[in-house]
Amino acid sequence: MVTMAQRIEELRTERGLSRPGLAAALGLPKNAIEKFETGRQSPTKEQVQALADYFAVSVFYLRGESGDRTRQDAWLDAAYSDTDAGHVPMAAPKRKEPQPQAAPTGQGTIFDSFLKSKQFRDLVRETVTEVLRSPEGQALVAKAVQRELNRR
């Protein structure tokens with residue numbers, strides 16, 4: 001499993017920043033990043049959010065809970081909107097410069113291990129199906145279908 005300390009170090013080195021340089025950029029004490037990376041101190045909730053914002057990654061990725069760097073607001077922006085006239089919005093794929101990849105260490109995230117579990121996938125499938133069968137889910141599906149039909 002990847003730790004938050006490892007993620008902070010990985011993101012910092014990708015940007016070519018020193019520990020004091022990153023601390024200064026975030027307005028933290030000079031040795032704060034060193035303490036975070038060595039595990040001598042854990043960042044506060046606000047500091048975690050500031051680090052995630054600075055590196056433009058999700059808090060889940062920063063904490064080592066996901067292998068997906070995507071920020072929540074990136075996929076939430078593509079959520080269904082009643083104000084959108086004529087179609088169901090889709091997130092446009094963003095082109096990113098290739099990021100240097102760390103050598104595989106055989107360590108995955110907790111979420112990655114969940115995804116490998118058939119039991120977890122079945123639970124997610126059941127939950128999504130249950131939500132879509134609810135009156136609210138049916139109304140959402142009906143609106144999406146109607147908008148798609150109107151678009152054609």
Side-chain angles (χ1 to χ4, degrees), residues 1-84 87-134 136-137 139-141 143-144 147:
M1 182 169 90
V2 178
T3 66
M4 182 165 37
Q6 291 168 326
R7 283 283 162 83
I8 294 170
E9 183 177 13
E10 168 192 333
L11 292 166
R12 178 184 59 77
T13 55
E14 281 178 8
R15 290 263 180 110
L17 295 168
S18 66
R19 289 173 173 170
L22 178 57
L26 296 172
L28 299 173
K30 186 177 176 179
N31 60 352
I33 302 301
E34 177 184 356
K35 289 180 180 178
F36 298 160
E37 289 182 2
T38 58
R40 292 191 338 244
Q41 181 180 340
S42 294
T44 65
K45 183 177 179 181
E46 293 79 18
Q47 291 169 332
V48 169
Q49 187 62 56
L51 283 160
D53 290 344
Y54 184 83
F55 291 116
V57 297
S58 70
V59 171
F60 300 112
Y61 179 80
L62 186 66
R63 291 191 309 219
E65 297 169 359
S66 170
D68 183 6
R69 292 180 177 223
T70 308
R71 295 178 55 97
Q72 283 183 328
D73 55 357
W75 59 265
L76 285 175
D77 287 343
Y80 181 81
S81 168
D82 286 335
T83 60
D84 199 19
H87 68 281
V88 176
M90 300 297 287
K94 295 181 180 178
R95 292 189 180 253
K96 291 186 177 180
E97 293 297 319
Q99 299 276 340
Q101 296 290 326
T105 60
Q107 298 174 339
T109 63
I110 293 172
F111 190 71
D112 291 335
S113 64
F114 279 131
L115 290 176
K116 292 178 184 175
S117 162
K118 181 178 178 347
Q119 183 179 7
F120 179 76
R121 290 192 313 264
D122 290 343
L123 177 65
V124 170
R125 185 176 297 114
E126 281 180 39
T127 303
V128 170
T129 303
E130 183 179 325
V131 169
L132 289 175
R133 288 183 178 158
S134 71
E136 296 86 0
L140 183 63
V141 169
K143 280 184 181 181
R147 285 186 181 200

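- At least one side-chain heavy atom of V48 sits less than 4.5 Å from a side-chain heavy atom of M4.
- The structure places NZ of K143 at 7.0 Å from CZ of R147, a figure rounded to the nearest 0.5 Å.
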What pairs of donor and acceptor atoms, side-chain ones from residues 22-41 against any protein atom, are under 3.5 angstrom apart with sequence neighbours left out?
unit_1, atom_1, unit_2, atom_2, d
E37, OE1, R12, NH2, 3.1
E37, OE1, R19, NE, 2.7
E37, OE1, R19, NH2, 3.1
E37, OE2, R12, NE, 2.6
T38, OG1, E34, O, 2.8
T38, OG1, K35, O, 3.4

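- With rounding to the nearest 0.5 Å, the separation of CD in E10 from CG in L62 is 10.0 Å.
- Using a 4.5 Å heavy-atom threshold, the side chains of E130 and E126 count as separate.
- One distance of note links CD of Q49 with OG1 of T44; it measures 10.5 Å at 0.5 Å rounding.
- Legend: residues meeting salt bridge (Lys or Arg N to Asp or Glu O under 4.0 Å) with K118, ordered by chain and number and at least two apart, are D122.
- Contact of the V57 side chain with the D68 side chain is not registered, since no non-hydrogen atoms from C-beta on lie closer than 4.5 Å.
- Ion pairing between a basic and an acidic side chain is recognised when a charged N comes within 4.0 Å of a carboxylate O; E14 and R7 show no such pairing.
- At least one test fails for R15 against the ring of F55: distance under 6.0 Å to the centre or angle within 45° of the axis.
- Minimum interatomic distance between S18 and G21 (heavy atoms only, all atoms of both residues): OG-N, 2.9 Å.
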